[in-house]
Protein chains: 2
Amino acid sequence: MTQRLAGDASAYASIPDRLLAVATRLFAEKGYESTSVQEIVAAAGVTKGAMYHYFGAKDDLLYEIYHRLLGLQTRRLREFAGGTGPVEERLRAAAVDVLSTSFRYLDEFTVFFRSMHMLPKERRRAVRAERRRYHEQFRALVEEGQREGVFRADVPADLSVHYFFGAVHQVSTWYRQDGPLDAQQISEYYVDLFLNGLRARPEGPAAAAPGRPAGDDGGAASA
Amino acid sequence: MTQRLAGDASAYASIPDRLLAVATRLFAEKGYESTSVQEIVAAAGVTKGAMYHYFGAKDDLLYEIYHRLLGLQTRRLREFAGGTGPVEERLRAAAVDVLSTSFRYLDEFTVFFRSMHMLPKERRRAVRAERRRYHEQFRALVEEGQREGVFRADVPADLSVHYFFGAVHQVSTWYRQDGPLDAQQISEYYVDLFLNGLRARPEGPAAAAPGRPAGDDGGAASA
DNA sequence: AAGCGCATACCGACCAGTCGGTCTCGGCGG
DNA sequence: CCGCCGAGACCGACTGGTCGGTATGCGCTT
């Protein structure tokens, strides 16, 4: 629960960890491209030589940030999804966890969605694949609930997941520490909105909806 | 309805429009920072001198893209919100329009959420202010519905709007033209999920929700 | 003495922005 | 109606500086 992604930036952490921690902060603050390698190594208290000893290139830092973040998320999700309670409970727990992780690693998420495109093609593909696996893991929960009739099945599970993840991943763009609501509250409100939107309604799905599409296959809309 | 944001890039459009259209495409493709002014002017078929004749700096292009996009959105939203039908209908129409606008101007949105931070501080503040006004306009619709009892009031309207906009603004990261669902379908599903999540439930808000926060003030969580 | 872990000096590429200059065209005096 | 002039539109070579990455060497451990 208290595992860090890149260790802290203190002088006692290992050099790679210090570099990753500092890079994450700087990339989130000023953007990947406007952060020079020189700045990173200066802030980490090491030299350029040291950095290129541990990382082959600047974008390796970026990749490592993504890789660690996705690893953490996938591991956590697996724990929550693998439980034994009712689907809705498990989905709720997983969703809350996704949100609190997003809040705990705000910088990582900021960098993720802002600088993904700076990765070389091959790396980007690897990250996308990891992300898709994560997405599918989460989607499986929704589909389970659909099969059980707990969740509405007239909206493709894939879309519901994109929808929720979209909302979650944008929090890094507007959330401020000193806002009126803390992370915990926001998380629970968000999960509430998500589950409420997903829940099957007694009188049939979604009243007062003029002209909605007919298809209700669970087809993926890419990932 | 068919108004363009920066004209097209054809040789007959004005030079500033051509530059904006080309810049939008390139920024979306390769990112702001890795697109050189040289590339932009080459793709637009003009020279550097011409560009700096019309734009004071590279980031003026960025700002102009945002400014035009936000102007368009605000104008459209005003039309939809100002109607006379029931709130839910107006909100639905507005929400669908937000989505179809997002799909039509995918590149603009991509650039927006990826490169906002490259703007100089002053400009960034201006854009954020414009965006907040837009957000509040949309929020007013939700609040109206809450007062009328159509929408649940136990989730701050501000959060609901952040939630929906978050989901919407992320579509540019996963939507592909050749996916199984077209933009129209996705829009309606999304709006459905949003309104269903927002709708007041007969038996009281959100069943099976262990330990939800008490506060239900409509306070803004920044913007 | 071998080799790992890092330091330092340096390179070539590139890039935003500039600046002196040219071209076109509308207006105006004769 | 002609010819001149000024101004805005545009050109493109150039510059000062930065940046990612590398080559080489040194000290310390084993």
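Convention: sequence-line order gives letters A, B, ...; per-chain numbering from 1. In what follows, every heavy atom counts, from backbone to side chain, and hydrogens, waters and symmetry copies are set aside.
- Rounded to whole Å, atom P of C/dG20 lies 18 Å from atom OH of B/Tyr52.
- At whole-Å resolution of the value, CG in A/Asp59 and P in D/dG20 are 11 Å apart.
- Put simply, OG on B/Ser160 and CG on A/Asp192 are 10.0 Å apart, with the number rounded to the nearest 0.5 Å.
- Checked against the 6.0 Å centroid criterion, the rings of A/Phe55 and A/Tyr63 do not qualify as a close aromatic pair.
- Atom P of nucleotide C/dC14 and atom CD of A/Glu33 are separated by 14 Å, given to the nearest angstrom.
- The pair B/Arg125-B/Glu122 meets the salt-bridge criterion, with a side-chain N (NZ, NE, NH1 or NH2) lying under 4.0 Å from an Asp/Glu carboxylate O.
- Salt bridge present: A/Asp17 and A/Arg68 bring a charged side-chain N and a carboxylate O closer than 4.0 Å.
- Using modelled atom types and a 3.5 Å distance limit, the side chains of B/Arg114 and A/His117 yield a donor-acceptor pair.
- The separation between B/Lys30 atom NZ and C/dC15 atom C1' is 12 Å, rounded to whole Å.
- Interface residues of residues 113-123 of chain A facing DNA chain D, ordered by number: none; criterion, heavy-atom separation under 4.0 Å.
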Distances for protein N or O near nucleotides 7-9 of chain D N or O, under 3.5 Å:
| from | atom 1 | to | atom 2 | distance (Å) |
| --- | --- | --- | --- | --- |
| D/dA9 | OP2 | B/His53 | NE2 | 3.1 |
| D/dA9 | O5' | B/His53 | NE2 | 3.4 |

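- Not counting sequence neighbours, the partners of A/Tyr66 by the ring pair (Phe, Tyr, Trp, His ring centres under 6.0 Å) test are A/Phe112.
- B/Asp107 has no carboxylate O lying under 4.0 Å from a charged side-chain N of B/Arg25, or vice versa, which leaves the two without a salt bridge.
- Partners of B/Gln170 by side-chain hydrogen bond (donor to acceptor under 3.5 Å, both in side chains), not counting sequence neighbours: none found.
- Contacts of B/Ser34 with the nucleic acid, taken as non-hydrogen atoms under 4.0 Å apart, are absent.
- When distances are taken from the side chain of A/Ser36 to each of D/dG21, D/dC19, C/dT18, the shortest belongs to D/dC19.
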Measure all distances between protein nitrogen or oxygen atoms and nitrogen or oxygen atoms of nucleotides 12-14 of chain D, and list the pairs falling under 3.5 Å.
| from | atom 1 | to | atom 2 | distance (Å) |
| --- | --- | --- | --- | --- |
| D/dG12 | N7 | B/Gly49 | N | 3.4 |

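- Spacing between atom CG of B/Leu19 and atom P of D/dC11 amounts to 10 Å, rounded to whole angstrom units.
- For the pair B/Glu39 CD and C/dG17 P, the interatomic distance rounds to 15 Å; values are reported in whole Å.
- Defined by atom type and a distance below 3.5 Å, a donor-acceptor pair is present between the side-chain atoms of A/Glu33 and B/Ser34.
- Side-chain contact check for B/Val191 versus B/Leu195: some heavy-atom pair is nearer than 4.5 Å.
- Partners of A/Phe27 according to the ring pair (Phe, Tyr, Trp, His ring centres under 6.0 Å) rule, which considers only residues two or more places apart in sequence or in another chain, are A/Tyr32.
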